[in-house]
Amino acid sequence: MINNADTEKIEYFYNWSRDYWYELGADSDKGLSSLLNFGCWDSGTVNLYQAQQQLFDVCTQKLCPIQSNACGLEVGCGIGGNSIRLCQQQPVNMTAMDISTSQLNIAINKAQALGCANRIKFVSGDSMAMPFDDEMFDFSICIESTFHYPRLDRYVAEQHRVLKPGAKAIIADITCEDPTQVKFRQGNHFYSVQRMQKLLLESGFKIIDIHRIGSSVFEAFYRYMCHFNQQRKTKVTRYWSLVLLNYVSLYRQGVMGYDIFEIVKSDGNGVI
């Protein structure tokens, strides 16, 4: 579980860097993305806003078809962009959970402003001890959040517990074969692809596929960030430039990746 001291560190970190990410992920015509992730970049992507929409599309398309009125869970919802967008695009009801109160407050206000608050329940909760009954949800998503979890095994077990038999889950995040090479490790608990695979299988999930998209993340995002930061010389911009430079170096060495785990919970009889 995440203790109070770790929760306070997470709150401080996002409060410190959130405005920068707002600006970094904004589109001049479409406004804020309401997402805080690295995105998925292709040759035609012009900014982080588009890249974040593409990552959302890549992840959520793997859930389709989604049944009408399905109950979905987002673990580590941040400021709510993924759950809000899902409700705008699909006839679903979402439960969006995060450990950060400040993030949840922003998400609630955003959902109310966009008229979908009645279909999203925002919950303060720990991913490693989820405040939900067994077999509550028809599907789940967790995008760029698991690296915060010091006990990945507990998260995977909880994810399995709260899903209904036959439910699909999408987990997308940075992976790292040697976390000791990450320069800024406070609050980060990166894991290897092999470790996640092992935990998923041991918990009773079937792995449908692992989509390795690192080639569409690190290099392009770093180039965009460097260009964006040219006229912005602050502690926040310097910090994130150094973080991404380290990640790009590790990606080029084959140490770091970005992976989407597409998994499903069996029905108890080994049938998917």
Side-chain angles (χ1 to χ4, degrees), residues 14 18 21-22 25-27 29-40 47-127 130-133 135-146 148 155 158-159 161-164 166-173 208 211 260-265:
Y14 280 106
R18 189 185 297 116
W21 276 83
Y22 278 166
D27 182 276
D29 295 324
K30 298 178 180 178
L32 303 179
S33 70
S34 295
L35 296 170
L36 304 173
N37 62 58
F38 288 8
C40 181
N47 57 29
L48 180 59
Y49 182 100
Q50 288 186 6
Q52 290 175 337
Q53 312 314 306
Q54 286 165 187
L55 179 61
F56 169 85
D57 290 341
V58 168
C59 290
T60 56
Q61 283 169 6
K62 300 181 188 308
L63 295 171
C64 294
I66 301 175
Q67 292 185 348
S68 181
N69 295 317
C71 296
L73 169 67
E74 181 177 10
V75 183
C77 68
I79 57 176
N82 290 310
S83 287
I84 290 170
R85 194 162 282 103
L86 254 178
C87 285
Q88 290 175 325
Q89 296 183 1
Q90 299 282 346
V92 299
N93 296 290
M94 293 297 298
T95 296
M97 185 188 76
D98 203 274
I99 197 74
S100 167
T101 302
S102 61
Q103 299 276 73
L104 285 172
N105 288 337
I106 293 169
I108 291 168
N109 290 334
K110 184 74 172 179
Q112 290 173 341
L114 292 174
C116 57
N118 62 320
R119 292 170 54 208
I120 307 176
K121 180 181 180 181
F122 291 98
V123 175
S124 176
D126 185 337
S127 63
M130 298 187 196
F132 308 120
D133 293 335
E135 300 183 358
M136 280 188 62
F137 300 103
D138 299 301
F139 68 88
S140 75
I141 57 173
C142 183
I143 299 177
E144 218 166 294
S145 180
T146 54
H148 282 310
Y155 157 69
E158 283 290 272
Q159 181 70 97
R161 179 182 66 80
V162 302
L163 288 174
K164 296 177 182 179
K168 183 178 281 189
I170 302 297
I171 303 169
D173 217 331
I208 298 174
H211 307 268
I260 302 173
F261 298 84
E262 184 180 357
I263 60 178
V264 65
K265 178 177 177 177

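In terms of heavy atoms, F56 sits closest to L86 at CZ-N, 3.7 Å. Between Q52 and S33 the shortest heavy-atom distance is OE1-OG, 2.5 Å. The nearest pair of heavy atoms linking G76 to S145 is CA-OG, 3.5 Å. Scanning all heavy atoms of the two residues, the minimum distance from A169 to L163 falls at CB-CD1, 3.9 Å. In terms of heavy-atom proximity, Q90 sits nearest to R119 at O-NH2, 2.6 Å. Smallest separation of non-hydrogen atoms from I66 and A70: CG2-CB, 3.8 Å.
Separation of atoms OG (S140) and CD (E158) is listed at 12.0 Å; rounding is to 0.5 Å. The CZ atom of F261 sits 11.5 Å away from the CD1 atom of I170 when rounded to the nearest 0.5 Å. In this structure, NZ on K168 lies 4.0 Å from CD1 on I208, to the nearest 0.5 angstrom. Taken to the nearest 0.5 Å, the CG atom of D173 stands 10.0 Å off from the CD1 atom of I143. Taking CG from N118 and CG from N93, the interatomic distance works out to 8.0 Å, rounded to the nearest 0.5 Å. Separation of atoms CG (L73) and NZ (K121) is listed at 11.0 Å; rounding is to 0.5 Å.
Between I141 and C59, the closest side-chain pair of non-hydrogen atoms is not below 4.5 Å. A 4.5 Å side-chain heavy-atom check between M130 and V75 finds at least one atom pair inside the cut-off. Side-chain contact between S124 and L104 is present, with at least one heavy-atom pair separated by less than 4.5 Å.
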From CA spacing to verdict: side-chain contact (heavy atoms from CB on, under 4.5 Å), F38, L55: CA-CA 9 Å; F38 288 8; L55 179 61; over 6 Å; no

Does the side-chain contact (heavy atoms from CB on, under 4.5 Å) test come out yes or no for I106 and Y22, once each step is laid out? CA-CA 12 Å; I106 293 169; Y22 278 166; 3.4 Å; yes

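Within a 6.0 Å sphere centred on NZ of K164, heavy atoms belonging to other residues, nucleotides or ligands number more than 12.
The main-chain N or O of A117 is never found under 3.5 Å from a side-chain atom of Q112 such that the two would form a donor-acceptor pair. In terms of modelled atom types and a separation under 3.5 Å, the side chain of D138 and the main chain of C71 share a donor-acceptor contact.
Applying the side chain to side chain contact (heavy atoms under 4.5 Å, CB included) test between I120 and each of V92, I108, I84 identifies I84 as the sole match.
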Can you give the donor-acceptor pairs under 3.5 Å from side chains of residues 94-102 to other protein atoms, not counting sequence neighbours?
residue : atom : partner : partner atom : Å
D98     : OD1  : S100    : N            : 2.9
D98     : OD2  : C77     : N            : 3.3
D98     : OD2  : G78     : N            : 2.8
S100    : OG   : E11     : OE1          : 2.9
S100    : OG   : E11     : OE2          : 3.4
S100    : OG   : S102    : OG           : 3.1
S100    : OG   : Q103    : N            : 3.1
S102    : OG   : E11     : OE1          : 2.5
S102    : OG   : N15     : OD1          : 3.3
S102    : OG   : R18     : NH2          : 3.1

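For D27, the side-chain contact (heavy atoms from CB on, under 4.5 Å) test picks out D29, K30, N47, Y49, with sequence neighbours left out. For Y14, the ring pair (Phe, Tyr, Trp, His ring centres under 6.0 Å) test picks out H148, with sequence neighbours left out. Considering only residues two or more places apart in sequence or on other chains, N37 meets the side chain to side chain donor-acceptor pair (under 3.5 Å) condition with none of them. Here E74 pairs with N82, S83 under the side chain to side chain donor-acceptor pair (under 3.5 Å) rule; sequence neighbours left out.
Within the structure, the side chain to side chain donor-acceptor pair (under 3.5 Å) test picks out the following pairs touching residues 59-72 (sequence neighbours left out): K62-H211.
Under the 30°/60° scheme for interplanar angles, the aromatic rings of F137 and F132 are found to stand perpendicular.
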